[in-house]
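Here's the structure, in C-alpha cells; my notes come after.
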Amino acid sequence: MARLIHHSKLAISRFSISASRNGRFLSTSSDKSDGPIGSAKVGIVEEAETVQLPPPPTEKLLVIGGNGFVGSHICKEALNRGLTVASLSRSGRSSIQESWANSVMWHQGNLFSTDSWKDALKGVTSIISCVGGFGSNSEMYKINGTANINAIRAASDEGVKRFVYISAADFGVVNYLLQGYYEGKRAAETELLTKYAYGGVILRPGFIYGTRRVGSMKVPLGVIGSPLEMVLQHAKPLSQIPLVGPLLTPPVNVNAVARVAVRAASDPVFPPGIVDVYGILRYSQQK
C-alpha cells in the first residue's frame, strides 16, 4: 500500500514538471479520494497561467496608383482581407468619399524620383502596381515601362517580398496602334520576372469594366462589359485566330481583378508568373 501511494505522488510530480517545460505553468492541489485508497491524497492538476504568444506580423500592402479606378478597388479588397494598406500616387489622397478610404495611408510621390516616395516603402511586404496610361509612343513607354521598372527595382532593393503588376492582354492589331503602350508593359514584365522570379505575378486582363468615376459622374461600364464577359469567356478558341482573335478576349470585372491581385500579393503559395484573363476569371471564382 505504501509503495502504491509513493508511486502515485511520483507520477504526479513528473507530470507537473513535464507540463511546465511545454510552456504552461501548472500547480497541483490535494483532495481526498472516494476510491479504495481512502485517505490517500491524489494530486489535481490546475492551470495557473498560459503563456501568451506574440501575434503574427501584419502584412502591409502598398498599392501604386491606389486612387485610380482599379487601384481603389484593390485598396478596398485588401482592407476587407485584414491587410494594412497604403497607396502611392502623384496626387496623394483619393477624392473618394467612402468610409474605407479613411483606413488607407495615402502617400504622394513620383516614380521618376525615388527620394519622393522612399518613406512609402517602410514596412511594406508586398506591392501591387496599377500604373499605366496613354499618350504619344514615347510617353506611353515612359509611363507603362520606365515608371514601373523604377518601382520594381526600388522594391527589390528595399527587400519587399512580393510584387504584382497589372499589365494588359495582347489585342492583336491594337498592339501596333499602341506600340509604346505595349512595349512599355512588356519591358516592365521582363524586369519583374528578373527581379522577382519567385515572388512576381503579372496579371493580363483585357477590358476591365465596373463603375468608373469621371469627376462627379459615375459611368456604369458593366452595362456593356458584363454581357460581353458572359459570351466571350466561353469563346476562347476564337481568340486564337491570328490578328483579330485577341479582340475577342473577354472583359473582366474590376472586382475580380482586385480579388486576384490581392490574393497574389498576400498568399505566399500563389504561383509566380503570368496570369491571363482566363486565369483571372478562374482564380476570382475560388474562395
Side-chain angles (χ1 to χ4, degrees), residues 56-68 70-72 74-75 77-79 81-94 103-133 138-168 180-204 257-258 260-275:
T58 301
E59 294 286 325
K60 183 178 180 181
L61 172 67
L62 175 64
V63 182
I64 304 179
N67 61 354
V70 177
S72 61
I74 289 175
C75 288
E77 173 69 19
L79 289 170
R81 291 195 178 213
L83 276 65
T84 299
V85 181
S87 168
L88 172 70
S89 63
R90 287 179 299 175
S91 57
R93 184 178 175 85
S94 171
S103 299
V104 177
M105 293 175 281
W106 302 98
H107 297 278
Q108 186 174 9
N110 187 337
L111 290 179
F112 299 106
S113 175
T114 306
D115 291 339
S116 70
W117 61 283
K118 188 181 297 183
D119 289 343
L121 285 173
K122 291 181 179 178
V124 170
T125 55
S126 58
I127 290 177
I128 299 175
S129 176
C130 310
V131 174
S138 61
E139 289 172 340
M140 287 190 290
Y141 186 91
K142 184 178 180 181
I143 297 170
N144 297 281
T146 307
N148 284 295
I149 290 172
N150 290 346
I152 292 165
R153 291 175 178 173
S156 178
D157 292 342
E158 192 67 23
V160 177
K161 294 183 293 184
R162 298 185 67 82
F163 198 111
V164 179
Y165 175 44
I166 310 298
S167 187
Y181 178 87
Y182 280 96
E183 287 183 353
K185 291 284 188 184
R186 300 303 174 247
E189 290 181 2
T190 300
E191 185 69 21
L192 179 59
L193 294 176
T194 300
K195 293 290 187 181
Y196 284 90
Y198 300 103
V201 178
I202 298 163
L203 303 187
R204 285 185 177 177
V257 176
V260 177
V262 173
R263 179 182 170 188
S266 58
D267 185 352
V269 300
F270 193 97
I274 299 172
V275 182

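Small disclaimer: the values here were computed from a predicted structure and weren't measured.
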Across all chains, not counting sequence neighbours, the side chain to side chain contact (heavy atoms under 4.5 Å, CB included) partners of Phe270 are Arg162, Val201, Val260, Arg263, Ala264, Asp267, Val275, Tyr283

In Å, rounded to the nearest 0.5 Å, how long is the span from [atom1] of [X] to [atom2] of [Y]?
{"X": "Lys142", "Y": "Ile149", "atom1": "NZ", "atom2": "CD1", "answer": "13.0 Å"}
{"X": "Asp115", "Y": "Lys118", "atom1": "CG", "atom2": "NZ", "answer": "4.5 Å"}
{"X": "Asn67", "Y": "Ser87", "atom1": "CG", "atom2": "OG", "answer": "5.5 Å"}
{"X": "Ser91", "Y": "Gln108", "atom1": "OG", "atom2": "CD", "answer": "7.0 Å"}
{"X": "Ile64", "Y": "Tyr165", "atom1": "CD1", "atom2": "OH", "answer": "11.0 Å"}
{"X": "Leu121", "Y": "Leu62", "atom1": "CG", "atom2": "CG", "answer": "6.5 Å"}

Is there a side-chain contact between [X] and [Y] (heavy atoms, below 4.5 Å)?
{"X": "Leu83", "Y": "Leu79", "answer": "no"}
{"X": "Ser126", "Y": "Val164", "answer": "no"}
{"X": "Leu61", "Y": "Ile128", "answer": "yes"}

Side chain of Ser156, backbone of Lys195: donor and acceptor closer than 3.5 Å? no

So does Asn110 get a backbone contact from the side chain of Ser113, meaning a donor-acceptor N/O pair under 3.5 Å? no

Side-chain donor-acceptor contact under 3.5 Å, [X] with [Y]:
{"X": "Arg153", "Y": "Thr114", "result": "no"}
{"X": "Ser129", "Y": "Asn148", "result": "yes"}
{"X": "Glu59", "Y": "Thr125", "result": "yes"}

List the atom of [X], the atom of [Y], and the distance in Å for their closest heavy-atom pair.
{"X": "Val124", "Y": "Ile127", "result": "CG1-CG1, 3.8 Å"}
{"X": "Leu88", "Y": "Trp117", "result": "CD2-CE3, 3.4 Å"}
{"X": "Gly71", "Y": "Cys130", "result": "CA-SG, 3.8 Å"}
{"X": "Ala168", "Y": "Tyr181", "result": "CB-OH, 3.8 Å"}
{"X": "Gly133", "Y": "Met140", "result": "O-CG, 3.8 Å"}
{"X": "Lys185", "Y": "Ile166", "result": "NZ-O, 3.4 Å"}

Verdict with reasoning, Thr84 to Met105, per side chain to side chain contact (heavy atoms under 4.5 Å, CB included): CA-CA 9 Å; Thr84 299; Met105 293 175 281; 3.4 Å; yes

Is the positively charged end of Lys161 above the ring of Tyr196, judged by distance under 6.0 angstrom from the centroid and angle within 45° of the axis? no

Could you go through the side chain to side chain contact (heavy atoms under 4.5 Å, CB included) check for Val131 and Asn144 one step at a time? CA-CA 7 Å; Val131 174; Asn144 297 281; over 6 Å; no

Check Glu189 with Arg186, please: is the shortest side-chain N to carboxylate O separation under 4.0 Å? yes

